[in-house]
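Report on the structure given below.
Atoms within each ligand, like the ligands themselves, are counted from 1 in listed order.
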Amino acid sequence: MAQNLVVLGAGVSGLTTALLLARKNSGHGSHITIVAKHMPGDTDIEYASPWAGADFNPFTARRPSENNEELRIAQEFERVSWPEWAKLASDVPEAGVGFRRIIQYRRKKDAVRPPSEWLEPCWGIHEMPDFRMLEEDELPDGIDAGLSVTSICINVTIYLPWLVSQCLKYGVVFRRAIVQNILDAADLHHSGKKADVIINCTGLGSLRIGGIEDKKLCPVRGQLALVRNSPLQNPTMYSISGTDDGPEESSYIMHRPAAGGCVIGGCRQRDNWESQPDPSLAIRIMKRAIELDPSLVPEGRGIEALSVIRHTVGLRPQREGGLRVEKEVMESKDGKKVRVVHNYGHGGAGYEKSYGSAKAAIRLVEEALVAKL
Ligand code: FAD
């Protein structure tokens, strides 16, 4: 596959797609250009990937009904991605991915699916290492059920530059540009020739890029605090099904590998574009984290014992109907046909699903290249 490819977007979706494409082509990525407005190292509200926690914590473990294609695809992308994450955590320390124990708590009052569904016959968290339901005497007050599993945490400040360095190693060329229309990307291949395929990995950007303007996309705002309170040995990460502070607020704790700090969250505020942290939400987030794991601070202490590095905000690129991995042939103003493959709309699980969705997108690139224009 030595045709000229332009990958539009340098978040986790674009970088993973470019890397897997470059590796597939016997390690020669010199035909691939990554074009993006933002690159790893940038921090901008339009760029989701630097703001993620990030962990692999599938919440999709229930049997998809016949017409629930969205859930079936989400589970498939997680199933394909998990071994890649496990391999990075065990064999590639420089990628900034580490194994972690995760505990998920459930409260009946959150009206979530019953814990029995955690064991349904489909791909889900129960397929991951060391999965077990918590015994009753392991549940804190107010918690009705829980599970424990071994998963991973990604230090995104290391992982994104690692993806860039891997792409560079395989000859991928990086280029900064802002495209107004998706078809403009066809003229941005570093060879100066037209791209044979554009792979659109622009996340929330696809809401506004001309030629796409996908109205199914919307931001789901997340606010996090990054603190220094991480144990040195075997930190456990936690999440809970709900909070008493309203349906848009959530509570979870992640410990990034390589002293990346402890990430505490959070919220899921739909259609909220606000880029600045809300100070009162920040206090609620910190209080809830201490309730979830009291060992974060010395006994009897409160949020004043959290050593805050920063409060951050990011926008998850949510898409009604699920993420879009599709191909199409588009026509430019001068009547030229252009092949486009989409890989965007990963919501709050863009790392978790990145390998599965990138592999699916690459299959579509291969199909598009052999099909007549
Ligand atoms: P982005 O990272 O947004 O990248 C889009 C790229 O497209 C950028 O390079 C941008 O510059 C480029 N672009 C856009 N428009 C244009 C244009 N017009 N011209 C040129 N370039 C353009 N996921 C998990 O798996 N686990 C987690 O624990 C997790 N936690 C999260 C916590 C928070 C607070 C948030 C906000 C997200 C979290 N996510 C998590 C979700 C994850 O971060 C996203 O799903 C993922 O980063 C999306 O990546 P992307 O590459 O598709 O988009």
Worksheet entry | Gln104 vs Asn57, side chain to side chain donor-acceptor pair (under 3.5 Å): CA-CA, chis, key distance, verdict | CA-CA 9 Å; Gln104 280 188 23; Asn57 194 359; 2.5 Å; yes
Note the single closest protein heavy atom to [atom], along with its residue, its atom name and the distance in Å.
{"atom": "atom 28 (O) of ligand 1", "answer": "Asp55 N, 2.9 Å"}
{"atom": "atom 13 (N) of ligand 1", "answer": "Thr202 CG2, 3.9 Å"}
{"atom": "atom 35 (C) of ligand 1", "answer": "Arg316 CG, 3.7 Å"}
{"atom": "atom 8 (C) of ligand 1", "answer": "Tyr47 CD1, 3.6 Å"}
{"atom": "atom 48 (C) of ligand 1", "answer": "Pro317 CG, 3.9 Å"}
{"atom": "atom 3 (O) of ligand 1", "answer": "Ala48 N, 2.9 Å"}
{"atom": "atom 21 (N) of ligand 1", "answer": "Lys37 N, 3.1 Å"}

Residue selection (non-hydrogen contact nearest [atom]) among [options]:
{"atom": "atom 15 (N) of ligand 1", "options": "Gly205, Gly314, Pro50, Gly53", "answer": "Gly205"}
{"atom": "atom 11 (O) of ligand 1", "options": "Glu46, Glu78, Arg221, His38", "answer": "His38"}
{"atom": "atom 31 (C) of ligand 1", "options": "Ser81, Ala52, Gly348", "answer": "Ala52"}
{"atom": "atom 49 (O) of ligand 1", "options": "Pro219, Ser49, Ala10, Gly11", "answer": "Ser49"}
{"atom": "atom 44 (C) of ligand 1", "options": "Gly210, Gly347, Pro58, Gly203", "answer": "Gly347"}

Looking at [X] and [Y], does any basic side-chain N land under 4.0 Å from a carboxylate oxygen?
{"X": "Lys37", "Y": "Asp42", "answer": "no"}
{"X": "Glu320", "Y": "Arg324", "answer": "no"}
{"X": "Asp278", "Y": "Arg221", "answer": "no"}
{"X": "Lys359", "Y": "Glu84", "answer": "yes"}
{"X": "Arg288", "Y": "Glu249", "answer": "yes"}
{"X": "Asp55", "Y": "Arg100", "answer": "no"}
{"X": "Lys337", "Y": "Glu328", "answer": "no"}
{"X": "Glu366", "Y": "Lys24", "answer": "yes"}

Taking distance alone, with N or O pairs closer than 3.5 Å, would you say [X] contacts ligand 1?
{"X": "Trp51", "answer": "no"}
{"X": "Val179", "answer": "yes"}
{"X": "Gln223", "answer": "no"}
{"X": "Glu352", "answer": "yes"}
{"X": "Gly350", "answer": "yes"}
{"X": "Leu224", "answer": "no"}
{"X": "Tyr351", "answer": "yes"}

Worksheet entry | Any donor-acceptor N or O pair under 3.5 Å, side chains His31, Asn4 |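 Not at all, the side chains of His31 and Asn4 share no donor-acceptor pair under 3.5 Å.
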Worksheet entry | Donor on one side chain, acceptor on other, Ser13 and Asn343, under 3.5 Å |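 Checked: Ser13/Asn343 side chains show no N/O donor-acceptor pair below 3.5 Å.
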If we set the cut-off at 4.0 Å for heavy atoms, which region of [X] has an atom near ligand 1: side chain, backbone, both, or neither?
{"X": "Ala177", "value": "backbone"}
{"X": "Leu315", "value": "backbone"}
{"X": "Ile209", "value": "side chain"}

Can you tell me if [X] contacts ligand 1 (heavy atom of the residue under 4.0 Å from the ligand)?
{"X": "Leu204", "answer": "no"}
{"X": "Met39", "answer": "no"}
{"X": "Tyr344", "answer": "no"}
{"X": "Ser354", "answer": "no"}

Discussion item. The test is side chain to side chain contact (heavy atoms under 4.5 Å, CB included); show your working for Arg107 and Ile143 and say whether it passes.
Written reply: CA-CA 5 Å; Arg107 308 185 309 174; Ile143 301 297; 4.1 Å; yes
Practice prompt. List the steps, then state whether side chain to side chain donor-acceptor pair (under 3.5 Å) holds for Ser206 with Asn200.
Written response: CA-CA 8 Å; Ser206 284; Asn200 171 29; 3.1 Å; yes
Discussion item. Are Trp85 and Tyr355, when compared by the centres of their aromatic rings, separated by less than 6.0 Å?
Written reply: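 For Trp85 and Tyr355, the ring centres are under 6.0 Å apart.
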Interfacing atoms of ligand 1 (cut-off 4.0 Å, heavy-atom, [X]):
{"X": "Ser13", "result": "49 (O), 50 (P), 51 (O), 52 (O)"}
{"X": "Ala349", "result": "23 (N), 24 (C), 25 (O), 41 (C)"}
{"X": "Met254", "result": "28 (O)"}
{"X": "Ala36", "result": "9 (O), 21 (N)"}
{"X": "Ile178", "result": "19 (N), 20 (C)"}
{"X": "Ala54", "result": "26 (N), 27 (C), 28 (O)"}
{"X": "Cys201", "result": "5 (C), 6 (C), 7 (O)"}
{"X": "Gly9", "result": "6 (C), 7 (O), 9 (O), 12 (C)"}

Worksheet entry | Minimum-distance pair of heavy atoms, taken over all atoms of Ala52 and Val156 |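 Minimum heavy-atom contact is O-CG2, 3.7 Å.
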Worksheet item: Considering residues, nucleotides and ligands other than Asp141, do more than 12 of their heavy atoms fall under 6.0 Å from its CG?
Response: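 12 or below, so no.
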Worksheet item: Taking the six-membered ring of Trp273, is the NZ or CZ of Arg316 close enough (under 6.0 Å from the centre) and on axis enough (within 45°)?
Response: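 The answer is no; the distance or angle limit is not met.
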Item to complete: Starting at CD1 of Ile253, measure out to SG of Cys153 and round the result to the nearest 0.5 Å.
Response: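 One gets 12.0 Å once the value is rounded to the nearest 0.5 Å.
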Item to complete: Take Tyr105 and Asp144 through the side chain to side chain donor-acceptor pair (under 3.5 Å) test and state the conclusion after the steps.
Response: CA-CA 8 Å; Tyr105 291 133; Asp144 299 301; over 6 Å; no
